[in-house]
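Take a look at the structure set out below.
Start at 1 and go down the list; that is how both ligands and their atoms are numbered.
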Amino acid sequence: MNQHTRIEAPLPFIDVAAQRRRLGTRIDDAINRVLTHCQFIMGPEVAALERDLAAFCGARHAIGVASGTDALVLVLMAYGIGRGDAVLCPAFTFSATAESVALVGATPVFVDVLEETFNLDPASLVRGIETARRLDLAPRAVMAVDLFGLPADYEAIGRIAQQHGLKVIDDAAQSFGATYHNRKIGMLGDVTATSFFPAKPLGCYGEGGAVFTDDDDLAALVKSLRNHGAGEDRYDNVRIGINGRLDTIQAAVLIEKLKIFPDEIAARDRAAQRYNELLGDIATVPQVPSGLGSVWAQYTIRLPAGQRDSFAATLRAQGIPTAVYYPKPTHRQTAYRDYPLADGGLPVTDRLADEVISLPMHAYLDEATQDRIVKAVRAALRG
Ligand SMILES: Cc1ncc(COP(=O)(O)O)c(C=O)c1O
């Protein structure tokens, strides 16, 4: 077969198997310990992981929960946010951000994002608060999503939130491990919710999530709510909660994965910087504002509208997967299209939805593989 027709093996978009090989028997041993003690619900690994997570990010409390979605729902429940309340959130994110708001009976008010970072636009946030008030909704909180692993602008968001009496909830499902001016995700909002979905920068082998806060009362409420609203007496539930506990086996997996996480964050950053160097002259590549560190949940470039489908097809034909996050922002999805938009609409969100495309990104992306991707990307863009 000649050089031009040789089909190379398809690449993974995220190489979970490479990480599995690196961790080897450490994971098997950790799971086996749970299989031996049989405390599958709230076993000792859950508390051990919570201590490790809190130490990792510097938050006073880390609370393991069943998923990133539950983390958001539990936080909203703990704040008593519900009917008649508005929560400001971006629409350029995974649907679970607004879903959690709707699930507690409150109204998501969609806010636009910034062109450069894809994160919440503070000016649109102010307009969204006005929109909520005009609709007779009480603005209670803002959900700052750290899209694709990059922290949002917490200084600006915090200032606006303080002025208007809003809680800052960091939807850090994609950004655990990222940094903001020497502070880690987990300490930036009043409370932080993350996800351990397997594809996340720190992922488990099933569903999982966590809530972080320095607020003792809020932490106690979240712990009760994740366990059906339990009080001191386990047979007297003192509030309505949910079953939102983190599984012990997932905690055991995460304890091992957290040990290699700093090294993986550095590897992800190296890969992203290298993509930027090799593609910066031909595509709109992501920029990280100074003082911030991304964990690169996605490496996302922008192409002129209309080029994306053929670009993806050209790469796919060479075994290189791409993904589009998010082709349909939440405010245009069937279940969400009747919720209000901040005055001025979401023009940046709408534009990004037509232009973004993500390339393979993970901690095990070696230079030869990355070169293969870069070569294909450059050829597709030139073509
Ligand atoms: C921004 C954002 N929020 C919330 C979630 C929900 O997390 P989970 O899938 O663990 O429920 C995700 C996960 O995909 C997400 O990306």
- Within-cut-off N or O pair, Glu207 and ligand 1, under 3.5 Å: no
- Query: How about Arg83: does its CZ atom have over 12 heavy atoms from other parts shown lying under 6.0 Å from it?
  - Reply: no
- Shortest non-hydrogen contact from Pro151 to Asn119? O-ND2, 3.3 Å
- Message: Tell me which one of Gln162, His164, Gln163 satisfies side chain to side chain contact (heavy atoms under 4.5 Å, CB included) with Leu166.
- Response: His164
- What atoms of ligand 1 come closer than 4.0 angstrom to any heavy atom of Thr93? 1 (C)
- Who's the nearest protein heavy-atom neighbour of atom 3 (N) of ligand 1, and how far? Asp171 OD2, 2.8 Å
- What is the nearest protein non-hydrogen atom to atom 16 (O) of ligand 1, stated with its residue, atom name and distance? Gln174 NE2, 2.9 Å
- Query: Can you tell me which residue and heavy atom of the protein come closest to atom 13 (C) of ligand 1, and the distance to 0.1 Å?
  - Reply: Lys200 NZ, 3.0 Å
- Show which atoms of ligand 1 fall inside a sub-4.0 Å distance from at least one heavy-atom site of Thr97. 1 (C), 3 (N)
- Min over Ser175, Gly68, Cys204 of heavy-atom distance to atom 8 (P) of ligand 1 lands on Gly68
- Item | atom 15 (C) of ligand 1: the protein heavy-atom neighbour that sits closest, reported with distance to 0.1 Å | Ala173 CB, 3.4 Å
- Message: For Thr69, which part has a heavy atom under 4.0 Å from ligand 1: side chain, backbone, both, or neither?
- Response: both
- Message: side chain to side chain contact (heavy atoms under 4.5 Å, CB included), that's the test. Do Leu150 and Phe118 meet it? Break it down for me.
- Response: CA-CA 9 Å; Leu150 178 70; Phe118 308 161; over 6 Å; no
- Query: What do you reckon, does Phe94 have a nitrogen or oxygen under 3.5 Å from a nitrogen or oxygen of ligand 1?
  - Reply: no
- With distance as the sole test, does Asp190 use its side chain to make a donor-acceptor pair with the main-chain N or O of Val168 at under 3.5 Å? yes
- Residues passing the side-chain hydrogen bond (donor to acceptor under 3.5 Å, both in side chains) test with Glu277, sequence neighbours excluded, are none
- Not counting sequence neighbours, which residues clear salt bridge (Lys or Arg N to Asp or Glu O under 4.0 Å) with Asp85? List them please. Arg140
- Which of the ligand 1 atoms, numbered from 1, are nearer than 4.0 Å to a heavy atom of Ala96: 4 (C), 5 (C), 6 (C)
- Item | Nitrogen or oxygen of Ser195 less than 3.5 angstrom from that of ligand 1 | yes
- Answer with yes or no whether the side chains of Tyr154 and Arg183 bring together a donor and an acceptor at under 3.5 Å. no
